[in-house]
Visitor: 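To start, I am sharing the structure in question, which I have written as structure tokens.
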Amino acid sequence: MDTQDLMRGAQLLPDTGEPGFGVYVHWPFCAAKCPYCDFNSHVRHQPVDQERFAAAFLKEMATMRMLSGPKTVTSVFLGGGTPSLMKPETVGAILDGITKTWHMPDGIEITMEANPSSVEAERFRGYRAAGVNRVSMGVQALNDRDLKFLGRLHDVADALKAIKLAREIFPRMSFDLIYARPNQTVEEWERELKEAISYAVDHLSLYQLTIEEGTPFFGLHKAGKLIVPDGDQSALLYEATQEITEREGMPAYEVSNHARPGAESRHNLTYWRYGDYAGIGPGAHGRLTHGPQKLATATERKPESWLEMVERDGHGMIDQEMLGFDEQADELLLMGLRLREGVDLARWQQLSGRDPDPQREAFLLEHGFIERIGNSRLRCTPAGMLVLDSVVADLAC
């Protein structure tokens, strides 16, 4: 890999405000399955054939290139699962494949998710050399008791070591925390959040614990053995989160994501601005524009089945659906109202063929759930973010 490849992303290209075109690659393997997780992740007790999977990623990319046409990539995201279980050589092969498949300028954001175990952290320099310029780490808590409860394999010492190393190696770094944990008080969360901000570089993802069907936590919750904060307590925790991050210069630019100005995740903005993205790998989803329609893609979730499909057919897609104007308008609203910048009304009107219902909009405005930004954008207020699903449902009707 040449010097230009090594320095890719040292200077981040400016955010144009356009949705862009992202490439998402899903590495489906984890060292252990967390009890709250409903993502497409799988534990394998035998070594994974990384070379074979890397070759399949490249093969599926070629199919996606035929569907997308020529594109300029604005961001890459290696998600999972636990992508930091990959060898740096595997990451390098994937990024080289993307470069050969689409146009990938220097200076775009290339993110990889990582878990902060010491073994994976030691690979950080190899990932940076392969072209990764942003790492997003699943820290999840800053006390060992709750890390154990959440099923994490690292402790706080591991997390702080990985954060320190990431700050030294990558131009940009983010980490996740989960709050609204059982018996968590607002005061405890405020202390933990302030500590997290002291370690952060420019971005934090802060998610409320949700009980997802099919997870071990779901069964415990249903049996009454796992009690999470009620709606009122969750609202207080959310409000404390917004207040502290705003005061500390890392305001929410999306419901659960906080950044210093200019450090927002470009890849996730592509989703929320309803841009196009190619989804590569087991269980990946994509959106690719075809004239006035968007093609929604979804691939086989089971890794070994996906692998066999790609080797046989050139892709692992099990679902391809053309989305019409109404479906696109609903998705644009659902994604865009998560953002502080809100929804581009002209784009929504073009897709939906109508203006927002005046009575519904007036009701939401009167109750302080939404607001207009000039004549061009519509967004949720902080109060509206607490009832986002209801706001979206009202405006979509």
Side-chain angles (χ1 to χ4, degrees), residues 5-15 19-28 30 39 41 57 61 72-88 90-99 102 104-116 120-121 123-140 162-163 165-177 200-207 250 253-254 256-260 262-273 275-281 284-286:
D5 288 331
L6 295 178
M7 293 305 294
R8 181 187 292 146
Q11 184 63 46
L12 185 68
L13 294 174
D15 179 16
F21 173 69
V23 177
Y24 175 80
V25 180
H26 189 80
W27 183 257
C30 279
F39 292 165
S41 58
F57 286 138
M61 277 178 210
T72 295
V73 178
T74 53
S75 64
V76 176
F77 197 101
L78 306 175
T82 306
S84 54
L85 292 175
M86 284 190 278
K87 296 180 291 188
T90 306
V91 173
I94 292 169
L95 295 180
D96 286 346
I98 295 171
T99 301
W102 293 281
M104 192 159 78
D106 293 340
I108 69 165
E109 175 188 276
I110 301 174
T111 302
M112 187 173 78
E113 290 183 334
N115 278 339
E120 292 161 24
R123 301 183 182 192
F124 280 2
R125 296 191 189 280
Y127 300 140
R128 180 70 188 104
V132 174
N133 55 32
R134 182 176 181 272
V135 67
S136 177
M137 289 193 295
V139 171
Q140 313 308 11
I163 289 170
L165 191 62
R167 291 182 62 148
E168 292 171 359
I169 294 170
F170 296 98
R172 300 174 66 211
M173 185 270 288
S174 177
F175 61 89
D176 301 354
L177 292 179
V201 176
D202 56 15
H203 192 285
L204 285 172
S205 296
L206 307 170
Y207 302 105
M250 296 184 72
Y253 67 95
E254 187 269 345
S256 302
N257 285 273
H258 303 253
R260 303 198 187 282
E264 299 83 0
S265 167
R266 302 293 171 79
H267 188 82
N268 287 335
L269 282 174
T270 291
Y271 298 150
W272 297 319
R273 288 171 175 168
D276 277 15
Y277 53 97
I280 314 293
H285 291 254

Visitor: For the side-chain contact (heavy atoms from CB on, under 4.5 Å) test, which of I94, I280, T111, V23 pairs with L78?
Guide: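 Between L78 and the candidates, side-chain contact (heavy atoms from CB on, under 4.5 Å) is satisfied uniquely by I94.
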Visitor: Looking at residues at least two apart in the chain, or sitting in another chain, which of them share a ring pair (Phe, Tyr, Trp, His ring centres under 6.0 Å) with Y127?
Guide: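 If we apply the ring pair (Phe, Tyr, Trp, His ring centres under 6.0 Å) test to Y127, skipping adjacent residues, there are no hits.
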Visitor: How about CZ on F39, more than 12 heavy atoms from neighbouring residues, nucleotides or ligands closer than 6.0 Å, or not?
Guide: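 12 or below, so no.
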Visitor: Checking side-chain contact (heavy atoms from CB on, under 4.5 Å) for the pair M173/E168: CA distance, chi angles, key distance, verdict?
Guide: CA-CA 10 Å; M173 185 270 288; E168 292 171 359; over 6 Å; no
Visitor: Looking at every heavy atom in both M61 and W102, which two are closest together, and how far apart are they?
Guide: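 Smallest interatomic distance, heavy atoms only, reads O-CH2, 4.0 Å.
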Visitor: List the atom of M250, the atom of L204, and the distance in Å for their closest heavy-atom pair.
Guide: CE-N, 3.7 Å
Visitor: Checking the side chain of E264 only, and the main-chain atoms of G262 only, is there a donor and an acceptor separated by less than 3.5 Å?
Guide: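 Answer holds: yes.
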Visitor: Give a yes or no on whether the backbone of I108 and the side-chain of N133 come within a donor-acceptor separation of less than 3.5 Å.
Guide: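 Judged by distance alone, yes, a pair lies under 3.5 Å.
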Visitor: Where do R134 and F170 come nearest, in terms of heavy atoms and distance?
Guide: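 For R134 versus F170, the nearest heavy atoms are N-CD2, 4.3 Å.
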Visitor: Rounded at 0.5 Å granularity, tell me how far OH in Y271 sits from CG in D276.
Guide: 12.0 Å
Visitor: Take L165 and R125 through the side-chain contact (heavy atoms from CB on, under 4.5 Å) test and state the conclusion after the steps.
Guide: CA-CA 9 Å; L165 191 62; R125 296 191 189 280; 4.2 Å; yes
Visitor: In Å and rounded to the nearest 0.5 Å, what is the NE2 to OG1 distance from H267 to T74?
Guide: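 Spacing of NE2 (H267) from OG1 (T74) equals 8.5 Å.
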Visitor: In Å, rounded to the nearest 0.5 Å, how long is the span from CG of L269 to OG of S75?
Guide: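 Between L269 CG and S75 OG, I get 9.0 Å after rounding to 0.5 Å.
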Visitor: Which heavy atom of P88 sits nearest a heavy atom of R123, and at what distance?
Guide: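 So the minimum-distance heavy-atom pair works out to CG-O, 4.2 Å.
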Visitor: Identify the two heavy atoms, one from F124 and one from A162, that lie closest to each other, and give their separation to 0.1 Å.
Guide: CE2-O, 3.8 Å
Visitor: So, does S265 use its side chain to make a donor-acceptor pair with the main chain of N268 at under 3.5 Å?
Guide: yes
Visitor: Can you check whether E113's main-chain N or O pairs, donor with acceptor, with S136's side chain at less than 3.5 Å?
Guide: no
Visitor: Applying the side-chain contact (heavy atoms from CB on, under 4.5 Å) criterion to V139, which one of I163, N115, D176 satisfies it?
Guide: I163
Visitor: In terms of relative ring orientation, are H26 and Y24 parallel, tilted or perpendicular, with 30° and 60° separating the classes?
Guide: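 It falls in the tilted class, 30° to 60°.
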Visitor: With sequence neighbours excluded, what pairs up with E109 under the side-chain hydrogen bond (donor to acceptor under 3.5 Å, both in side chains) test?
Guide: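 Applying side-chain hydrogen bond (donor to acceptor under 3.5 Å, both in side chains) to E109 gives R172.
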Visitor: Quick one, I98 with V25, criterion side-chain contact (heavy atoms from CB on, under 4.5 Å). Give me CA distance, side-chain angles, the key distance, then yes/no.
Guide: CA-CA 10 Å; I98 295 171; V25 180; 4.3 Å; yes
Visitor: Mind checking what makes ring pair (Phe, Tyr, Trp, His ring centres under 6.0 Å) contact with H258, not counting sequence neighbours?
Guide: none
Visitor: So which atom in T270 and which in G20 form the shortest heavy-atom distance, rounded to 0.1 Å?
Guide: CG2-O, 3.9 Å
Visitor: H203 and Y253: aromatic ring centres closer than 6.0 Å?
Guide: yes
